[in-house]
Amino acid sequence: MTQTTGKDIATPTRTKEVLEKYGFSFKKSLGQNFLIDTNILHNIIEAADLTKEKAAIEIGPGIGALTEQLGRAAGKVMAIEIDQRLLPILSDTLSPYENIEVVHGDVLDLDLHALLAEKLSGFDKISVVANLPYYVTTPILMKLLEERLPLENIVVMIQKEVAERIAAKPGSKEYGSLSVAAQFYARTQVAMIVPASVFIPRPNVDSAVIRLQVREKPPVEVDDVDVFFRVVKGSFALRRKTLLNNLMNGLFPKTQKEEVVQMLTDIGIEPTRRGETLSMEEFARLANESIRRGLIAK
């Protein structure tokens, strides 16, 4: 199996050659920004902790800059590309790699469990490694996490601001429902900040690589996952509002205000606190107690 090529794709010169050869024009609607720095790609591969005994899934391979590095590091790579115009380019640029398979489709519509069973059977450890389009970062991440796919790591390049929100701790201004959701399913860490200058075309903001180590089980016991996330989202509904005001703003009927105040007091959470100060353990306590008292139905 051939695993080496001449020139890396992720250089300004080679990227320009490929784009000109195929007359490719970027679609803003697909958030296409191609990396032109091999050092950053190597750092991404290192963060993913890949070996030939492991497989990788890439979402949005573009012209194959990261894909070829994954092909060199992993035993098998499945790359999912939504833009049909890129398929012949990928067939060309990735031709030296027999362990890379490109799937055409929208990752948000695909049955990933079925795809993994079909394309990556035989691999116990699978990681998602990708440069995600900014406009669909959160839906893609939440699909990967909520569907409980058999993943080891998710290492993705995303907008710096979103990466900071995902990894944020209680009490910080970045902390919100996305922080709680991501950390419920994974251990999160910002691996590196990536300047806008290493992309073609250049985006308006800097990016970051975030590493999510997928948990075997959540760090808190919750009686009902849906209720837990309803409580979390309700607690962050309006920033700068107190926890009580947010909870009474749609999650609980206003007629239950006294019961909600009593519940918060009983579980040791001041009603005047703000949602962004609550830890995941406190959100779990609040959700579980809401069910036990019959204030929220499963």
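FYI, side chains are in, hydrogens and waters are out, and symmetry mates aren't considered; it's all heavy atoms of this structure.
A salt bridge is defined here as a Lys NZ or Arg NE, NH1 or NH2 lying under 4.0 Å from an Asp or Glu carboxylate O, and Glu276 with Lys173 fails to meet this definition. One finds no salt bridge joining Arg285 and Glu281 here, because no Lys/Arg side-chain nitrogen approaches an Asp/Glu carboxylate oxygen to under 4.0 Å. Taking 4.0 Å as the cut-off between side-chain N and carboxylate O, Glu174 and Lys169 do not count as a salt-bridged pair.
No donor-acceptor distance shorter than 3.5 angstrom exists from the side chain of Thr277 to the backbone of Arg273, with no hydrogens or angles considered. When atom types are taken as modelled, the side chain of Gln159 and the backbone of Glu161 share no donor-acceptor pair closer than 3.5 angstrom. Under the 3.5 Å distance criterion, the side-chain polar atoms of Thr137 are matched with a main-chain donor or acceptor of Pro133. Between the side chain of Glu259 and the backbone N or O of Gln256, no donor-acceptor pair lies under 3.5 Å. His104 places a side-chain N or O within 3.5 Å of a backbone atom of Ile82 that can act as its donor or acceptor partner.
In this model, a donor atom of one side chain and an acceptor atom of the other lie less than 3.5 Å apart for Tyr134 and Ser207. Arg85 and Tyr22 share no donor-acceptor pair across their side chains, judged by distance under 3.5 Å alone.
Separation of atoms CG (Leu286) and CG (Leu247) is listed at 6.0 Å; rounding is to 0.5 Å. Interatomic distance, CG of Leu86 versus CD of Glu81, reported as 4.5 Å (0.5 Å rounding). For the atom pair CG of Leu243 and CD of Glu270, the computed distance is 10.5 Å after rounding to the nearest 0.5 Å. The CD atom of Glu147 sits 10.5 Å away from the OH atom of Tyr185 when rounded to the nearest 0.5 Å. From Ile63, atom CD1 reaches atom CZ of Phe24 across 8.5 Å, with rounding to the nearest 0.5 Å.
Note: Phe229 and Phe184 have perpendicular aromatic rings, judged against thresholds of 30 and 60 degrees for the angle between ring planes.
With a 6.0 Å radius and a threshold of 12 heavy atoms from other residues, nucleotides or ligands, Lys143 has its NZ atom above the threshold.
Hydrophobic clustering keeps Leu238 apart from Leu251 (ILVMFWY residues linked when any side-chain heavy atoms are closer than 4.5 Å, directly or through intermediates).
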